[in-house]
J.: 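My questions all concern the structure below.
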Amino acid sequence: MTIRLDESWKTALAPEFDAPYMQALKEFLQAEKARGKVIFPKGAEYFRALDLTPLNDVKVVILGQDPYHGDGQAHGLCFSVRPGVRIPPSLVNIYKELQSDLGIPPAHHGYLESWAKQGVLLLNSVLTVERGNAASHQKRGWEQFTDAVIARVNEQRTPAVFMLWGAYAQRKAAFVDQSRHLVLKAAHPSPLSAHNGFFGCRHFSKANEFLISHGLTPINWRLPVEPPKDV
């Protein structure tokens with residue numbers, strides 16, 4: 001497995017990479033590839049969220065569940081897709097809430113790297129998936145690894161905002177210290193549930209208000225008009 005991630009995470013997560021469960025996960029992924037299975041995202045992007053958002057820079061955590069399993073979609077950031085790929089329904093609803101909350105018109109693409117580079121950790125609970133087979137890599141060890149990622153953010157001195165959309169994300173980050181960090185909860189932005197409390201949650205403005213109140217630079221949630229061409 002090609003590991004590309006920021007040094008801050010390599011150091012903080014060294015015990016996880018050395019743990020037996022991660023060795024077993026690595027062997028599982030290698031075996032799946034040997035059987036001809038196509039795995040998303042590509043190996044160099046498994047840890048893309050950690051590579052783009054160093055531990056010391058994390059201001060906001062958004063939790064997803066699994067990578068997209070369609071061709072050309074997943075690139076290591078939850079809810080995000082590559083340039084030129086149709087914007088998924090949940091992200092369409094995220095853009096609707098962003099417009100309602102902050103007046104930001106919906107972007108014409110679904111590429112969220114500019115958020116990640118500002119300190120928004122776009123973390124899926126499971127970091128790989130088999131092509132066309134949703135949730136196929138659950139309970140293989142990724143959940144334990146991403147629990148450790150959340151724990152490292154929770155331990156940081158600098159407060160962060162956790163946006164927990166849906167019951168799954170809320171259970172996963174239930175241990176976060178709410179006396180130091182801001183934990184925002186709402187329904188999942190999926191079309192099946194967005195009307196049950198995601199729309200109108202105003203998480204984007206609440207996050208920025210919290211960051212400003214702690215002397216931190218707010219997130220510019222407005223995405224570039226055009227995503228980069230070379231991705």
J.: Are the side chains of Phe79 and Pro189 in contact, using a 4.5 Å heavy-atom criterion?
T.: yes
J.: Report yes if some heavy atom in the side chain of Ile39 is under 4.5 Å from a heavy atom in the side chain of Arg131; otherwise report no.
T.: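 A side-chain contact is absent here, since even the closest heavy-atom pair is not under 4.5 Å.
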J.: Have Gln65 and Asn124 got a donor and an acceptor in their side chains that come within less than 3.5 Å?
T.: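 No pair is found: no donor N or O on one side chain lies under 3.5 Å from an acceptor on the other.
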J.: Would you say that Asp101 contacts His203 through its side chain, given a criterion of any heavy-atom pair below 4.5 Å between the two side chains?
T.: no
J.: I'd like to know if Lys206 and Glu209 make a salt bridge, using a cut-off of under 4.0 Å between side-chain N and carboxylate O.
T.: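 Not counted as a salt bridge, because no side-chain N and carboxylate O are separated by less than 4.0 Å.
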J.: Checking side-chain polar atoms at under 3.5 Å, does Trp142 have a donor or acceptor matched by the opposite partner on Thr128?
T.: yes
J.: Verify the ring-centre separation between Phe28 and His137: is it less than 6.0 angstrom?
T.: yes
J.: Should Val161 and His181 count as side-chain neighbours, where that means a heavy-atom distance under 4.5 Å?
T.: no
J.: Less than 4.5 Å apart, any side-chain heavy atom of His188 and any of Ser90?
T.: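 Heavy-atom side-chain distance check passes, below 4.5 Å.
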J.: Taking all heavy atoms of Ala12 and all of Leu55, pick out the closest pair and write down the distance.
T.: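 It is CB-CD2, 3.7 Å.
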J.: Which pair of heavy atoms, one from Val120 and one from Thr53, lies closest together, and at what distance?
T.: O-OG1, 3.5 Å
J.: State yes or no: are the ring centers of His75 and Phe47 separated by less than 6.0 Å?
T.: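 Centroid distance His75-Phe47: not below 6.0 Å, so no.
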J.: Flag the pair Ile62 / Leu121 as yes when at least one side-chain heavy-atom distance between them is below 4.5 Å, and no otherwise.
T.: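 The answer is no, as the side chains (C-beta and beyond) never meet within the 4.5 Å cut-off.
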J.: Quick one: do Tyr46 and Leu77 end up in the same hydrophobic cluster if we chain Ile, Leu, Val, Met, Phe, Trp and Tyr together by side-chain heavy atoms under 4.5 Å apart?
T.: no
J.: Salt bridge between Glu45 and Arg82, side-chain N to carboxylate O under 4.0 Å?
T.: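 Result for this pair is yes, salt bridge flagged.
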J.: Give every donor-acceptor pair under 3.5 Å between a side-chain atom in residues 13-21 and any protein atom, sequence neighbours left out.
T.:
{"from": "Glu16", "atom 1": "OE1", "to": "Tyr21", "atom 2": "OH", "distance (Å)": "2.6"}
{"from": "Glu16", "atom 1": "OE2", "to": "Arg152", "atom 2": "NH2", "distance (Å)": "3.4"}
{"from": "Tyr21", "atom 1": "OH", "to": "Phe145", "atom 2": "N", "distance (Å)": "3.4"}

J.: Kindly work out whether a path of hydrophobic side-chain contacts (I/L/V/M/F/W/Y, heavy atoms less than 4.5 Å apart) joins Tyr111 to Tyr68.
T.: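 No: no chain of side-chain contacts under 4.5 Å links Tyr111 to Tyr68.
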J.: Would you say that Met163 contacts Val61 through its side chain, given a criterion of any heavy-atom pair below 4.5 Å between the two side chains?
T.: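 Side-chain contact under 4.5 Å: no.
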J.: Contact between Phe40 and Val38 at the side-chain level, heavy atoms closer than 4.5 Å - yes or no?
T.: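 In contact.
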J.: How would you list, by chain and number, every residue that makes a salt bridge (charged side-chain N to carboxylate O under 4.0 Å, His left out) with Glu130, sequence neighbours excluded?
T.: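 Once residues adjacent in sequence are excluded, the partners of Glu130 under the salt bridge (charged side-chain N to carboxylate O under 4.0 Å, His left out) criterion are Lys37.
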